[in-house]
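Right, one structure below, let's go through it.
Excluded from the calculations below are hydrogen atoms, water molecules and symmetry mates; all remaining heavy atoms, backbone and side chain alike, are included. The sequence lines fix the lettering, A, B, ..., with proteins before strands; numbering per chain opens at 1.
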There are 2 protein chains.
Amino acid sequence: MNEERYHQTVQLFSLLSHPVRLRILDELRRGETCVCHLQEVLRRPQPYISQQLRVLREAGVIASRKQGLYVYYRLSDERMERMLEESLGPAGEAHSLPHCSCPCCRNDESLRL
Amino acid sequence: MNEERYHQTVQLFSLLSHPVRLRILDELRRGETCVCHLQEVLRRPQPYISQQLRVLREAGVIASRKQGLYVYYRLSDERMERMLEESLGPAGEAHSLPHCSCPCCRNDESLRL
DNA sequence: TCGGTATATGCATTTTCCTGCATATAGTCT
DNA sequence: AGACTATATGCAGGAAAATGCATATACCGA
């Protein structure tokens, strides 16, 4: 019985069938990213971003690394990565954000991640 | 702006993130199938199956062909087919159902579709 | 230890989806 | 035309998801 297989797959697709989560995942596949970065890109309040990150984290498709005040997120599921490639095409370039002052957006190259 | 691309993709994943619809799609990629067949495989009431078929039809991922009393459904979207392959692996064999008397399940080979 | 910043959590409300059921339509056969 | 079968549609109650907001936690520097 691959009842289980269907169930897993539905779970995976549920994560992807949400505009904000899909865009978060698309950002993450371009490289490790901190929360404030996503906040800037998606233009949504921080608690909202964190909520969606939690959903993704609990589902096991992303992982995080804490460094000082910042938390850096990345994809941690190959299947997810393949689905993103299949549906959205190859990953684009990471955005560099003028208004964001976190290490990963730092204009100052020397402090870049 | 590929805002539109994200939106389309979310729609596509929404269709797939539902246990019954996912299984219907998995059946359809094994070959053309009538409603009573799906009813048997999924063990759900007929109006319910038809509702889900409508969702898929209106989204444009399946097409139908009417022949007498029967309506035969099939996949009509390559992208969908690729996502199914990616997520569920290669399509299995079509089921032949002992209790179903529609042309596509007919035990009597001569009447087979 | 205190103030400030980055991120997380809890909760409540709105909205959207799921699903069951009654009924409608369309085609076939006599 | 009337009975029967396969499929479609409409609607409603309940469940679950989405989202906004208040607040909590964790870490840093002074």
Exercise for the section: List in chain and number order the residues that pass ring-ring contact (aromatic ring centres under 6.0 Å, His included) with A:Tyr6, two or more places apart in sequence or in another chain; answer none if no residue qualifies. Expected result: none
Handout entry: Residues that A:Ala91 engages under side-chain contact (heavy atoms from CB on, under 4.5 Å), provided they are two or more places apart
Key = A:Arg29, A:Arg30
Problem - B:Arg21: partners by salt bridge (charged side-chain N to carboxylate O under 4.0 Å, His left out), with sequence neighbours left out - result: none
Practice task
Name all pairs fulfilling the salt bridge (Lys or Arg N to Asp or Glu O under 4.0 Å) condition that reach into residues 7-20 of chain B, sequence neighbours left out, sorted by first residue then second.
Solution key: none
Problem - Closest to side chain of A:Ser50, choosing from D:dT7, C:dT9, C:dG20 - result: C:dT9
Exercise for the section: Round to a whole Å and report the spacing from CD of A:Gln46 to P of C:dA8. Expected result: 7 Å
Completion exercise
Sorted by chain and number, sequence neighbours left out, side-chain contact (heavy atoms from CB on, under 4.5 Å) with B:Val10 holds for A:Pro19, A:Leu22, B:Ser14
Completion exercise
Between CZ of B:Arg44 and P of D:dT7 the distance, given in whole Å, is 18 Å
Problem - Contacts of type side-chain contact (heavy atoms from CB on, under 4.5 Å), residue A:Val20, not counting sequence neighbours - result: A:His18, A:Ile24, A:Leu42, A:Arg44, A:Tyr48, A:Gln52
Exercise for the section: Let me know the distance between CG of A:Leu56 and C1' of C:dA8, rounded to the nearest Å. Expected result: 15 Å
Problem - B:Gln52 CD to D:dT7 C1', straight-line distance once rounded to whole Å - result: 15 Å
Exercise for the section: Round to a whole Å and report the spacing from CG of B:Leu53 to P of C:dT19. Expected result: 14 Å
Problem - Beyond-backbone contact of A:Ser17 with B:Leu16, side-chain heavy atoms, under 4.5 angstrom - result: no
Practice task
Starting from P on C:dA6, measure out to CD on A:Glu40 and report it in whole angstrom.
Solution key: 11 Å
Exercise for the section: Using the test salt bridge (charged side-chain N to carboxylate O under 4.0 Å, His left out), find all partners of A:Arg82 that sit at least two apart in sequence or belong to another chain. Expected result: B:Glu86
Fill in the blank from the handout: Quick tally for nucleotides 10-16 of chain D: nucleotides whose base has a protein heavy atom under 4.0 Å get B, sugar-phosphate-only ones S, the rest -, giving BB-----
Practice task
Can you tell me which residue pairs pass the salt bridge (Lys or Arg N to Asp or Glu O under 4.0 Å) test with a partner in residues 70-79 of chain A, sequence neighbours excluded?
Solution key: A:Glu32-A:Arg74
Practice task
Would you indicate, yes or no, if C:dC17 has its OP1 or OP2 atom less than 4.0 angstrom from a side-chain nitrogen or oxygen of B:Tyr48?
Solution key: no
Exercise for the section: Take atom CD of B:Gln39 and atom C1' of D:dT5, then tell me their distance rounded to the nearest Å. Expected result: 12 Å
Practice task
Residues of residues 14-25 of chain B with any non-hydrogen atom less than 4.0 angstrom from an atom of DNA chain C: list those, numerically ordered, please.
Solution key: B:His18, B:Arg21
Exercise for the section: For B:Tyr72 and C:dA26, give me the distance from atom OH to atom P, rounded to whole Å. Expected result: 19 Å
Exercise for the section: Spell out protein contact along nucleotides 25-30 of chain D as letters: B when the base is contacted, S when just the sugar-phosphate is, - when no protein heavy atom is under 4.0 Å; keep the 5' to 3' order. Expected result: -SBS--
Handout entry: side-chain contact (heavy atoms from CB on, under 4.5 Å) involving A:Arg57 - partner list, sequence neighbours excluded
Key = A:Arg54, A:Ile62, A:Ser64, A:Tyr73
Handout entry: Which atom of B:Thr33 lies closest to which atom of B:Glu27, heavy atoms considered
Key = OG1-O, 4.1 Å
